[in-house]
Number of protein chains: 2
Amino acid sequence: MSIKLSTRSRYGTRLMLDMAQHYNDGPIHLSDIAKRQDVSVKYLEQIIIPLKKAGYIESLRGPKGGHILAKPPEEITVKDIVGLLEEGTSLVECCDDTTVCKRTDICPTRILWKEASEAMFDRLQTITLADLVEKAKAMQSK
Amino acid sequence: MSIKLSTRSRYGTRLMLDMAQHYNDGPIHLSDIAKRQDVSVKYLEQIIIPLKKAGYIESLRGPKGGHILAKPPEEITVKDIVGLLEEGTSLVECCDDTTVCKRTDICPTRILWKEASEAMFDRLQTITLADLVEKAKAMQSK
DNA sequence: TAATTATATATTGATTGAATATATAGCAAA
DNA sequence: TTTGCTATATATTCAATCAATATATAATTA
């Protein structure tokens, strides 16, 4: 009964943040991230798939294997991550696809939802993984 | 698999817009709104309850009965409606309630979700029912 | 008192979210 | 070359929630 961000995109963001925090440490195991973030490995395995497909992560199998960020943390925004894992940046279907509703032409609320979606994702676009790493450091030194 | 506004808050907004469009027409039947908005009466009956409790609508039973906006359309924002029907203005539980997650103190993403929620609802707060009525008029005269 | 309208409660069916389980595939070092 | 390590792929489960309907009851006016 209330609009909520899925654990998928929240865990996904924490997954990416964790990797950003260990950027340059070589391939990282999902099991380590799972421990640090207190999330199940199996679930992270699911979440990481689209992140790999989208080119944000590269992986290596076998011993000494693991996952690495494919881009520097400065070049990945939270919008990238959330937009990917939530499958789109619109809070209502009719924002993107004008064919789902026959009222599209008359409906004044459609534009409303579009603006709300944009306000949200515009904000998320201004924040990179590097920003989050900084913020995390600041929080820990307190 | 994607964050979406519920039909509850979308229909609720259309319900309120419809009432704003017939402001000063006396008590309005839900059945008329249902027809105009192409939504089931039964469902609207559910949605209207919290709107009444919150004081946005007053109702009269019996013949000549119906529902009336308790405030002028200028004084009701979309944030009021959506915030009410979605039960809160935060996209993640931990935004409001700091006890739901033990990581609250360390978690840099929490602030993130808070900002995203605010960005969205701040935008919705700038739009009143009167604005939507105007927009609807403009769309129809095209 | 009869017709009309709103209110209250319960129930349904389908969908989705969140997570787990079980296998398979590929790589590196011994 | 084989053993162990790690990632990948697919399927399945369980519970929660969304969206909607059904069936009553209560109040008001003509």
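Throughout, protein chains are lettered first and strands after them, A, B, ... in sequence-line order, and every chain is numbered starting at 1.
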Using heavy-atom distances to pick each residue's nearest nucleotide on DNA chain D, tell me which of A:G62 and B:R8 is more 5'. A:G62

Given 3.5 Å as the limit, does a donor-acceptor pair link the side chain of B:R110 with the main chain of B:C94, or not? yes

Side chain A:R123, main chain B:A116, donor-acceptor under 3.5 Å: no

Pick the closest DNA chain C nucleotide for A:V39 and for A:L60 by heavy atoms, then say which residue is nearer the 5' end. A:V39

For A:K52, report the nucleic acid contact type (base, sugar-phosphate, nothing); a contact means any heavy atom under 4.0 Å. sugar-phosphate

Would you check if there is a donor-acceptor pair between the side chains of A:Y43 and A:T7 at a distance under 3.5 Å? yes

Whole-Å distance separating the CG atom of B:L44 from the C1' atom of C:dT7: 14 Å

For B:I49, answer base if it contacts any base atom (sugar-phosphate contacts may also be present), sugar-phosphate if it contacts only those atoms, and nothing otherwise; contact means non-hydrogen atoms under 4.0 Å. nothing

N/O (side chain, B:Y11) to phosphate O (OP1/OP2, D:dA20) under 4.0 Å: yes

Could you tell me which non-hydrogen atom of A:Q37 sits nearest to which non-hydrogen atom of A:D18, and how far apart they are? NE2-OD2, 3.0 Å

For the side chain of B:H67, counting heavy atoms from C-beta on, which of D:dA20, C:dT7, D:dT6 is nearest? C:dT7

Looking only at D:dT28, C:dC27, C:dA19, the nucleotide nearest the A:Q46 side chain is C:dA19

Among the nucleotides D:dA30, D:dT8, C:dA6, whichever has the atom closest to the side chain of B:K64 is D:dA30

Base, sugar-phosphate, or nothing: which does A:I28 touch, judged by heavy atoms less than 4.0 Å apart? sugar-phosphate

Could you tell me whether A:S2 contacts a base, only the sugar-phosphate backbone, or nothing, with contacts defined as non-hydrogen atoms closer than 4.0 Å? sugar-phosphate

Atom-pair distance (CG on A:L5; C1' on C:dA18), nearest Å: 15 Å

Using a cut-off of strictly less than 4.0 Å, decide whether B:S59 has a side-chain nitrogen or oxygen near OP1 or OP2 of C:dT7. yes

Any base atoms under 4.0 Å from A:I48, or only sugar-phosphate, or nothing? Heavy atoms, all strands. nothing

How close do A:W113 and A:C95 get, counting heavy atoms only, and between which atoms? C-SG, 3.9 Å

Divergence of helical axes at both termini of the helix from C:dT1-D:dA30 to C:dA30-D:dT1 - five pairs an end, 10° steps: 10°

Would you kindly compare A:E45 and B:S6 by the position of their nearest DNA chain D nucleotide and give the one closer to the 5′ end? A:E45

Any donor-acceptor N/O pair, A:S90 side chain to A:E93 backbone, under 3.5 Å: no

Return no unless some side-chain N or O of B:S40 is found under 4.0 Å from OP1 or OP2 of D:dT21. yes

Taking atom P of C:dA18 as reference, at what distance in whole Å does atom CD1 of A:I47 sit? 9 Å

Between the side chain of A:T77 and the main-chain N/O of A:T128, is any donor-acceptor distance below 3.5 Å? no

Over how many whole Å does the gap from A:I3 atom CD1 to C:dG17 atom P extend? 13 Å

C:dA25 base / A:R61 side chain donor-acceptor hit below 3.5 Å: yes

Please report, rounded to the nearest Å, how far the P atom of D:dT8 is from the NZ atom of A:K53. 11 Å

Backbone of B:T98 reached by a side-chain donor or acceptor of B:T104 within 3.5 Å: yes

Does the distance from a Lys or Arg side-chain N to an Asp or Glu carboxylate O, for A:K79 and A:D122, drop under 4.0 Å? no

Calculate the interatomic distance between A:R14 atom CZ and C:dA18 atom P; express it in whole Å. 13 Å

For the pair made of OH in A:Y43 and C1' in D:dT8, what is the distance, rounded to whole Å? 18 Å

Tell me which nucleotide among C:dT20, C:dA8, C:dT5 gets nearest to the side chain of B:K42. C:dA8

If I take atom NZ in residue B:K4 and atom P in nucleotide C:dT16, what distance separates them, rounded to the nearest angstrom? 11 Å

Residue B:P63, side-chain atoms from C-beta onward, closest of C:dA6, D:dT8, D:dT29: D:dT29

